[in-house]
Amino acid sequence: MGNDSDESDEEYDPVEDVQRVIESVVQIGDYRRPQRRECHNLVRRFKLMLPILEELRDIPQPFTKNGVAWLVKFKEALLYAKDLLQLCSQGSKIYLSLETETIMGTFQKVYERLGQAFGAVPCEELGISDEVKEQLELMHVQLKRARRRTDTQDIELAMDMMVVFSDEDDRNSDSAIIERLAKKLELHSVEELNVETVAIRQLAEERKGQHIESTKRIIKLLNKFKHVAGMPETSVLDDPVAPKMLERCTSLVIPHEFLCPITLEIMTDPVIIASGQTYERESIERWFQANHRTCPKTRQPLQHTSLAPNCALRSLIEEWCENNNFKLPKRYDSAQESCPGKDEIPALVESLGSIHLEEQRKAVEKIRMLSKENAENRVLVAERGGIPPLVQLLSYPDSKIQEHAVTALLNLSIDEGNKRLISSEGAIPAIIEVLENGSCVAKENSAATLFSLSMIDEIKEIVGQSNGLPPLVNLLKNGTVRGKKDAITALFNLSLNHANKGRAIRAGIVAPLLQLLKDVNLGLIDEALSILLLLVLNSEGRQEIGQLSFIETLVQFMREGSPKNKECAASVLLELCLNNSSFILAALQFGVYEHLIEIKQNGTNRAQRKAMTILELVTKSEQI
């Protein structure tokens with residue numbers, strides 16, 4: 001080998017090369033939900049590697065051939081981890097939420113590769129001291145033990161996704177879930193949604209026409225988030241975040257101050273809000289109609305929502321357009337358009353207290369319809385004092401009035417502020433009364449209302465203390481298909497509260513859940529298993545659920561179910577086995593071992609991990 005090559009080899013420092021990779025990973029920064037905690041755990045382990053590398057720096061170089069080969073293998077494992085962390089930092093938040101289990105499977109592969117690297121260190125050849133050797137062995141053990149367990153927040157997110165992507169429910173009660181998802185995924189500001197739009201477009205380009213249905217679902221949810229934020233929906237794949245008019249005139253650069261911060265399009269009717277920021281009238285009015293009381297750009301609370309025309313800016317825009325031969329789109333005239341029925345609301349609220357039955361019935365039915373149409377109507381009904389009389393009508397003997405009243409409250413509860421107003425008016429016991437004794441439709445909508453209201457944690461406890469779990473369980477047991485779906489989503493949400501887990505168990509929730517597991521046509525198996533997974537986290541729940549017949553049912557799903565069924569069943573069985581070794585023996589009696597082996601080889605990523613952990617527990621139980 002020539003002198004130039006020798007000099008190049010001497011200059012190359014493999015330890016420094018590895019250290020640069022680790023330092024670049026540590027500097028990646030913020031991570032998306034729901035992998036944020038897992039990312040921070042992995043980065044924390046990366047930081048623990050730095051002192052070990054400092055020790056390796058003190059080892060005389062050049063390294064042996066095996067030593068360099070190990071460092072190269074180590075670097076490859078680190079780069080594999082870096083790619084994953086960059087995806088979790090810059091990828092689409094909606095994609096990362098939909099593909100949670102696939103992403104978590106990749107984390108598992110990262111730990112496996114890093115574990116293999118730390119388990120194959122040529123300590124003798126590198127001349128590593130006993131102290132550093134102990135650190136390496138400790139890191140190897142920690143990486144081998146790295147386990148991922150779904151926490152309550154992950155389950156809640158998965159259930160929200162199930163409900164949001166269901167196209168069967170024609171009510172708009174899922175808007176409450178969409179708002180909760182937007183907050184969870186941090187996709188509620190204009191800037192966040194524009195960044196997400198770019199990420200989704202990049203995802204679609206990388207997929208190159210594959211996974212079309214999945215991409216459409218992601219775009220659909222993005223547009224729902226945009227609707228809640230008061231932004232116009234886009235096709236994403238066709239429309240860039242930059243305005244269309246810029247595409248048509250790429251050589252012309254529109255001054256930034258002429259663009260609406262919400263739509264990023266040139267303004268035709270600019271108005272000033274209380275924060276001093278300027279927006280397109282149509283866009284900011286849509287923002288306010290969604291019951292936002294903050295400035296979209298600065299996020300600061302607004303003292304009022306009055307709009308003042310920005311005449312000076314409008315003149316500048318018109319002058320610029322004339323000088324550059326740029327044609328403005330037709331100006332939006334808010335005076336020409338108003339929410340249908342808006343002017344009727346004050347009189348309708350007054351009619352709720354009428355002594356004439358037919359007038360009351362017509363008023364409550366109209367409010368039910370208007371409160372479904374848009375956010376502005378929901379706010380206006382509440383501001384005009386419509387919630388107290390609606391709550392009073394829940395106790396009215398006329399079944400149709402009762403049905404309209406509870407459905408109107410369901411629609412009003414989509415607004416976050418209205419949830420607390422409805423609860424403070426003492427509506428919870430009255431809604432539960434309708435749930436017990438109302439018409440079929442009234443019962444279903446009462447369950448949906450309790451689900452919507454229980455988005456707020458303290459209301460979960462109020463529903464539980466008001467004895468709301470037993471009638472929900474009864475609806476789950478005896479209701480229509482739609483009633484069962486309303487009941488199971490409400491029961492899941494309420495069971496996130498610790499005390500409600502016990503209440504649900506005592507209300508007899510296990511029997512109808514087990515019945516749902518037998519009815520494949522209903523399509524509620526995954527939802528039922530998700531609630532059971534919540535309940536087995538409770539000692540009372542484990543005692544009630546951990547019967548031989550249930551263990552046998554889980555084993556049956558692990559044998560015959562869909563890949564998702566097998567995954568959920570394995571998750572529930574693992575939770576039971578972790579707390580009581582007798583469940584392991586019971587499962588073995590029902591032939592679970594061969595199914596675990598099959599799932600370990602062919603199941604989903606999450607199912608494989610659950611199966612492997614159960615098999616480890618089986619091995620330990622045999623050694624005792």
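The structure presented is a predicted model; accordingly, all values stated were derived computationally and were not measured. Values below: all heavy atoms of this structure, side chains included; hydrogens, waters and symmetry mates excluded.
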Under 3.5 Å, is there a donor-acceptor pair between the side chain of [X] and the main chain of [Y]?
{"X": "Ser452", "Y": "Thr449", "answer": "no"}
{"X": "Gln608", "Y": "Gly603", "answer": "yes"}
{"X": "Lys419", "Y": "Ser413", "answer": "yes"}
{"X": "Glu186", "Y": "Glu192", "answer": "no"}

According to the salt bridge (charged side-chain N to carboxylate O under 4.0 Å, His left out) rule, which pairs have a member within residues 106-123, sequence neighbours left out?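 Residue pairs passing salt bridge (charged side-chain N to carboxylate O under 4.0 Å, His left out), neighbours aside: none found.
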Quick test of your reading: applying salt bridge (charged side-chain N to carboxylate O under 4.0 Å, His left out), list the pairs with at least one residue in residues 450-459, sequence neighbours left out, ordered by first then second residue.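 Non-adjacent pairs meeting salt bridge (charged side-chain N to carboxylate O under 4.0 Å, His left out): Arg420-Glu458, Asp457-Lys460.
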Does Lys484 pair with Glu527 as a salt bridge, N-O distance under 4.0 Å?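 Result for this pair is no, no salt bridge flagged.
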Residue pairs, two or more places apart or on separate chains, that pass ring pair (Phe, Tyr, Trp, His ring centres under 6.0 Å) and touch residues 73-104: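 Residue pairs with at least one partner in residues 73-104: Trp70-Phe74, Phe74-Phe118.
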Quick one: pull up OG1 in Thr619 and CD1 in Ile584 and give me the separation to the nearest 0.5 Å.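 With rounding to 0.5 Å, OG1 (Thr619) is 9.5 Å from CD1 (Ile584).
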As a quick check of understanding, evaluate side chain to side chain donor-acceptor pair (under 3.5 Å) for Ser562 and Asn565, giving each step before the final call. CA-CA 5 Å; Ser562 67; Asn565 293 161; 3.1 Å; yes
Residues that [X] engages under side chain to side chain donor-acceptor pair (under 3.5 Å), provided they are two or more places apart:
{"X": "Lys600", "result": "none"}
{"X": "Arg503", "result": "Glu461, Asn500"}
{"X": "Ser454", "result": "Asn493"}
{"X": "Ser581", "result": "none"}

Under the side chain to side chain contact (heavy atoms under 4.5 Å, CB included) test, residues paired with [X] that sit two or more places apart:
{"X": "Cys440", "result": "Glu444, Thr480"}
{"X": "Ala487", "result": "Leu475, Leu476"}
{"X": "Asn538", "result": "His498, Lys501, Glu540"}

By salt bridge (Lys or Arg N to Asp or Glu O under 4.0 Å) - contacts of Lys566 (at least two apart):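 With neighbours one apart ignored, the set is Glu598.
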My understanding is that only residues two or more places apart in sequence, or in another chain, count here; which of them pass salt bridge (Lys or Arg N to Asp or Glu O under 4.0 Å) with Glu567?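 Salt bridge (Lys or Arg N to Asp or Glu O under 4.0 Å) check on Glu567 returns Lys564, Arg606.
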Are Leu524 and Asp519 close enough, and set up right, to give a side-chain contact (heavy atoms from CB on, under 4.5 Å), and what steps lead you there? CA-CA 8 Å; Leu524 293 175; Asp519 194 340; over 6 Å; no
